[in-house]
Engineer: 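Let me begin by handing over the structure; questions about it come next.
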Amino acid sequence: MTGPSLPLIRCEQVRKRYGHRRILRDVSFSVAAGEVLALLGANGSGKTTLLRIVAGLDKPDRGEVWLGPVPLSNAGHEIRRYVGVVAHAPLLYDRLTGLENLRFYARLYDLDDAEARIEHLLRSLRLWGRRDDAVRTYSRGMSQRLAIARALLHDPPVVIFDEPDTGLDRQSLDDITELFTQLRSRGRAVFVTTHDAARAFSWAERVYELRKGCLQQIAGSKRNGE
Amino acid sequence: MMAELPKEGGQFRTRGGLAGYFRVVWAVADKDVRTELRAKEILGTMAAFSLLAAVIFGLAFDLRVPRTELVAPGILWVIIMFAGVLGLHRSFGSESDLGTLTGLLLAPVERSALYLGKTAANLVYFLIVEALLVPTLLILFDVNLLKPLILAGLLLGTIGYVAVGTLFAALTARNRARETLLPVLLLPVLAPLFISGVGLTAAVLDGRATSEAWPWIGIIALYDIVVFAVAFLFIDLIWEQS
């Protein structure tokens, strides 16, 4: 396993522009194993763009993203096995059941122990009783929990969350907070974006804000007592 | 068990090989067909359009054409072309609308396997629609299209159409105007296939020598090979910024 000294996510001098608009200006940060890093920012500040670049869905104009020792620019498709993404949309097929959705993604990830892994995730995320229902009958909170199950199905070392708290009730938010604690204790690197500063401080060791394309660390994270 | 990143300078272990590649193709096709059997969006639209178009062509030509064999080849291929466009834009369009296209692109699989899986599912839809259309034309026009060379040409032509159509559907998936953009891009590219399909069907229906039909089959087969080669070359590029 990658040692704790080597960050699982390392973003170096990343720049991105769309047309004449600079979205990201020399953004650099790293996330170690067992660490949660939260990113704050207004709508359109570039949070999702940065997240997509870290997830390998988009390419920076300049700079490099590393997952462990591997630069994304030189990595093949196998690198995607090491990243789980909970996007703003749940990335689920609404006509399929929860179980069918996870089985489909398990086939894409070619998992050896798919059925056991799916059952474990569905039970731990309180969806086992609704596993045979079509996803379109799920509430927002249930869809979000299934999206988390999809992202964690292949047990990736790097997990990325794009505003996972949007539209969730208190119970679901508590579930996410608990999930971050578990991921931290199991040595995963978690990168999460949110609009809610108080929540960011409660979730993360370090909190950054993306403003005018620049990344600024915000002092006073409650977790590490800065 | 957590997937482990390779150590510095290490290599990724590629899983599955060719069998793994085709497992992904099958998974995507299976998922698409399963979803479509519940939604009936693509099949329902294509089948309804095909049958209605056949009836309208039947009404239009019934009193004026002395031999329906003269118009049947054109009618067959025109209906397939337009019905196909109706279905193809949903192939990636529904994935784009649901956001699941991102889920597919996040998976550690070859993009070409996703493309082939989508192509296979589209081929199933097309063949089901054609299985309804050919007997309908037999009833309405009294033209027997159930001849081996016509069916072979239809199968090969459908494979080529679906291959190029799925590629263009991937290209236009994230475009808001994909419903109008797809036919504008696709129909000119389909011209060689359309001309060959009509030529082959007419040659067989006119009872000309088999040797006159084979060159058309050859052109369609060549078209298929070229389309798949182009698709495999460009599919990564199409999805690079998706």
Side-chain angles (χ1 to χ4, degrees), chain A residues 1-3 6 8 33 52 55-59 66-70 75-85 87-97 100-101 103-113 117 134-136 147 150-152 154-158 160 186-189, chain B residues 1-17 19-42 94-114 117 235-237 239-242:
Chain A
M1 180 179 165
T2 308
L6 185 67
L8 285 181
R52 285 177 61 83
L57 285 168
D58 214 340
K59 286 186 175 173
W66 302 70
L67 292 185
V70 184
H77 61 80
E78 274 295 314
I79 190 73
R80 295 183 218 125
R81 192 176 300 283
Y82 302 89
V83 184
V85 177
H88 199 57
L91 316 186
L92 299 167
Y93 296 92
D94 58 0
R95 298 272 177 182
L96 299 183
T97 67
E100 287 170 334
N101 267 283
R103 279 182 176 156
F104 169 64
Y105 280 107
R107 290 166 80 181
L108 292 188
Y109 284 86
D110 198 17
L111 299 185
D112 296 327
D113 53 349
R117 180 78 185 145
V135 167
R136 65 197 166 114
R150 182 198 52 72
L152 300 180
H154 51 297
D155 204 9
V158 172
I160 297 169
R186 294 169 63 201
R188 300 332 185 241
Chain B
M1 186 67 71
M2 181 168 78
E4 289 185 9
L5 283 158
K7 293 187 169 34
E8 199 142 9
Q11 296 289 318
F12 286 110
R13 186 169 60 96
T14 304
R15 295 170 65 108
Y21 181 91
F22 281 104
R23 276 200 297 275
V24 172
V25 173
W26 176 248
V28 173
D30 177 45
K31 181 270 298 171
D32 269 17
V33 172
R34 192 188 293 259
T35 307
E36 176 55 26
L37 289 177
R38 290 176 196 172
K40 296 177 186 70
E41 282 179 5
I42 298 172
S94 59
E95 300 268 6
S96 182
D97 293 345
L98 274 174
T100 46
L101 187 54
T102 301
L104 291 180
L105 297 178
L106 281 167
V109 297
E110 296 279 356
R111 309 298 205 211
S112 61
L114 301 175
I235 198 69
D236 280 341
L237 196 65
W239 277 328
E240 193 155 284
Q241 296 295 323
S242 292

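Letters A, B, ... are given to chains in the order of the sequence lines, protein chains preceding strands, and every chain is numbered from 1.
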Engineer: How far apart are the closest heavy atoms of A/Y109 and B/A107, and which atoms are they?
Structural biologist: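 For A/Y109 versus B/A107, the nearest heavy atoms are OH-CA, 3.7 Å.
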
Engineer: Can you name the nearest heavy-atom pair linking A/A89 to B/L98, along with the distance?
Structural biologist: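 Scanning both residues, the minimum pair turns out to be CB-O, 4.4 Å.
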
Engineer: Over all heavy atoms of both residues, which pair between A/T97 and B/R38 is shortest? Give the atoms and the distance, please.
Structural biologist: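 Closest pair (atom of A/T97, atom of B/R38, distance): N-NH1, 4.1 Å.
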
Engineer: Identify, with sequence neighbours excluded, every residue that meets ring-ring contact (aromatic ring centres under 6.0 Å, His included) alongside A/Y105.
Structural biologist: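 Checked A/Y105 against ring-ring contact (aromatic ring centres under 6.0 Å, His included); zero matches.
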
Engineer: By a 4.5 Å heavy-atom criterion (distance strictly below it), what part of A/L96 contacts chain B: side chain, backbone, both, or neither?
Structural biologist: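 Both backbone and side chain.
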
Engineer: Is there a side-chain contact between A/L108 and B/V28 in this structure, where contact means two heavy atoms from C-beta onward sitting under 4.5 Å apart?
Structural biologist: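 Yes; the side chains approach each other to less than 4.5 Å.
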
Engineer: Is chain A contacted by the side chain of B/E95, its backbone, both, or neither, given a heavy-atom distance below 4.5 Å?
Structural biologist: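 When you check distances to chain A, only side chain atoms of B/E95 fall under 4.5 Å.
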
Engineer: Less than 4.5 Å apart, side chain to side chain, heavy atoms only: is that true for B/D32 and A/Y93?
Structural biologist: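 Not in contact.
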
Engineer: Write down the atom of A/L91, the atom of B/T102, and the distance for their closest heavy-atom approach.
Structural biologist: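 In this case the closest contact between A/L91 and B/T102 is CD2-CB, 4.0 Å.
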
Engineer: Going by side-chain contact (heavy atoms from CB on, under 4.5 Å), name the residues that satisfy it together with A/R136, two or more places apart in sequence or in a different chain.
Structural biologist: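 Result, side-chain contact (heavy atoms from CB on, under 4.5 Å) vs A/R136: A/D94, A/R95, A/A134.
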
Engineer: Counting heavy-atom pairs under 4.5 Å with chain A, which one of B/R34, B/R111, B/K31, B/E110 comes out on top?
Structural biologist: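 That would be B/K31.
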
Engineer: Grab the two heavy atoms, one from A/R80 and one from B/L106, that are nearest each other, plus how far apart they are.
Structural biologist: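 Heavy atoms only, the tightest pair is CB-O, 3.0 Å.
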
Engineer: Where on A/A87 is there a heavy atom nearer than 4.5 Å to chain B: the side chain, the backbone, both, or neither?
Structural biologist: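 No part of A/A87 comes within 4.5 Å of chain B.
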
